[in-house]
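Only a predicted model underlies this, so the values are computations on that prediction, with no experimental measurement involved.
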Amino acid sequence: MKIAFVGKGGSGKTTLSSLFIRHLAAEGAPVVAVDADINQHLGAALGLDEPEAAALPAMGEHLRLIKDYLRGSNPRIASADTMIKTTPPGDGSRLLRVQEDNPVYDACARPVRLDGGTVRLMATGPFTDADLGVACYHSKTGAVELCLNHLVDGPDEYVVVDMTAGSDSFASGMFTRFDMTFLVAEPTRKGVSVYRQYKEYARDFGVVLKVVGNKVQGPDDLDFLRAETGDDLLVAVGHSDWVRAMEKGRPPRFAALEESNRLALRTLREAADATYERRDWERYTRQMVHFHHKNAQSWGNDRTGADLAAQVDPCFVLGESVTAGA
């Protein structure tokens, strides 16, 4: 299952995504965790110290390798130079699976051992001094989008993505790449404003959106979130001494997490798992192609000097039964 955590800056989405990743690992589920926020904090939230987090390879720096590998023998893609972040797979393309070894994971993923299991962690990479004033951070997250377009996952396999803050993820088609989107909202007017934006933007794309209330301190906070988000409110999370200890770099065993918060994490997994039966790979592929056409027309054709619409394989539908190209 592909799962996104979104929310305004400071809402706690990275903390909650890291708790969810720990929960999945503790239950023995295979997990690929992706830090797609340009402010890279997921590694630290999963227990890496500063040098370890800083040493994570940046996916953007391995974009050429990613393109070369995913292109495979697809005859519709002349070269890696003509691939952009929205290029869809077709006959001959190589696909990524959660439980496999491949050159993309070798270059871009690092194992992180958690209570009960090990997850693969990937990161877009932070903004550098060379990027300041000349680069858009969406160029960094393009590697994530390209990988998601070529990734096939099955039941009880999880790809958990900590997305960029706010509604900026709508600057690309990446928001449609998920089975479930958890929007983390504080019980404040600003906290629910991102929810309203996300709800409106996602309405026409079949995005499954559920709200996770965070920093909820009492019945008034819960009533506020219910009034503002209605049936989209899935669960609320309150104060956690375990999280406070984790933020100080001294987390106890994950089994010591408060029972109410462990129950909330189980609720998140059950909600995500329930979307599996409603998967529509044809719609998923159609949306992928839709955003590829938009990006090709707006900038991709000019950037590459090629007609990128020709990259679309009209007979190809991504799905669990598809065999990767050679």
Side-chain angles (χ1 to χ4, degrees), residues 2 4 6 34 36 59-60 62-97 104 108 122 124 135-153 159 161 163-164 167-179 181 198 201-208 279-325:
K2 300 184 185 76
V6 302
V34 183
M59 294 178 69
H62 296 280
L63 188 56
R64 180 66 187 223
L65 178 150
I66 293 172
K67 290 180 177 181
D68 280 334
Y69 180 76
L70 297 179
R71 183 169 70 94
S73 60
N74 187 333
R76 296 175 179 274
I77 304 174
S79 69
D81 292 331
T82 62
M83 291 183 76
I84 62 174
K85 63 181 182 178
T86 54
T87 295
D91 186 36
S93 296
R94 290 192 181 99
L95 305 177
L96 302 175
R97 306 267 175 177
V104 174
C108 302
M122 305 171 74
T124 59
C136 168
Y137 74 80
H138 294 111
S139 64
K140 298 286 188 181
T141 59
V144 179
E145 187 169 355
L146 196 58
C147 286
L148 289 174
N149 281 353
H150 290 74
L151 194 147
V152 179
D153 56 301
V159 181
V161 183
M163 295 282 279
T164 190
S167 55
D168 284 352
S169 55
F170 287 98
S172 73
M174 193 156 64
F175 72 97
T176 65
R177 303 296 84 199
F178 302 100
D179 298 289
T181 297
Y198 230 97
Y201 292 154
R203 190 183 309 277
D204 296 331
F205 293 94
V207 173
V208 181
R279 274 189 164 183
D280 185 344
W281 286 105
E282 289 188 359
R283 185 189 68 179
Y284 187 88
T285 304
R286 188 167 59 247
Q287 289 176 341
M288 190 189 319
V289 170
H290 167 75
F291 283 104
H292 182 61
H293 281 306
K294 289 189 67 173
N295 279 268
Q297 293 169 5
S298 64
W299 62 270
N301 290 343
D302 291 340
R303 179 82 58 85
T304 63
D307 177 13
L308 299 184
Q311 294 179 339
V312 176
D313 184 340
C315 298
F316 183 87
V317 176
L318 189 66
E320 292 176 50
S321 62
V322 175
T323 301

**Request:** Go through R279 and Y284 one step at a time and tell me if the side-chain contact (heavy atoms from CB on, under 4.5 Å) criterion holds.
**Result:** CA-CA 8 Å; R279 274 189 164 183; Y284 187 88; over 6 Å; no

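- The backbone N or O of L318 lies less than 3.5 Å from a partner atom in the side chain of T285, making a donor-acceptor pair.
- Panel note: side chain R71, backbone I77; a donor-acceptor pair is recorded below 3.5 Å.
- Atoms OH and SG, on Y69 and C147 in that order, are 10.5 Å from each other to the nearest 0.5 Å.
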**Asked** Under the side-chain contact (heavy atoms from CB on, under 4.5 Å) criterion, do M122 and V104 qualify, and how do the steps go?
**Response** CA-CA 10 Å; M122 305 171 74; V104 174; 4.2 Å; yes

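- Ring to ring, F175 and Y201 are not that close: their centroids are 6.0 angstrom or more apart.
- The backbone N or O of L308 lies less than 3.5 Å from a partner atom in the side chain of N301, making a donor-acceptor pair.
- A distance-only check finds no donor-acceptor pair linking the side chain of N74 to the backbone of G92 [under 3.5 Å].
- Side-chain atoms of K2 come within 3.5 Å of backbone atoms of L151 as a donor-acceptor pair (strictly under, hydrogens ignored).
- Between V312 and R76 there is no side-chain heavy-atom pair separated by less than 4.5 Å.
- At least one donor-acceptor pair closer than 3.5 Å links the side chain of Q311 to the backbone N or O of T82.
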**Item:** Residue pair K85, T141: steps toward the side-chain contact (heavy atoms from CB on, under 4.5 Å) verdict
**Value:** CA-CA 8 Å; K85 63 181 182 178; T141 59; 5.8 Å; no

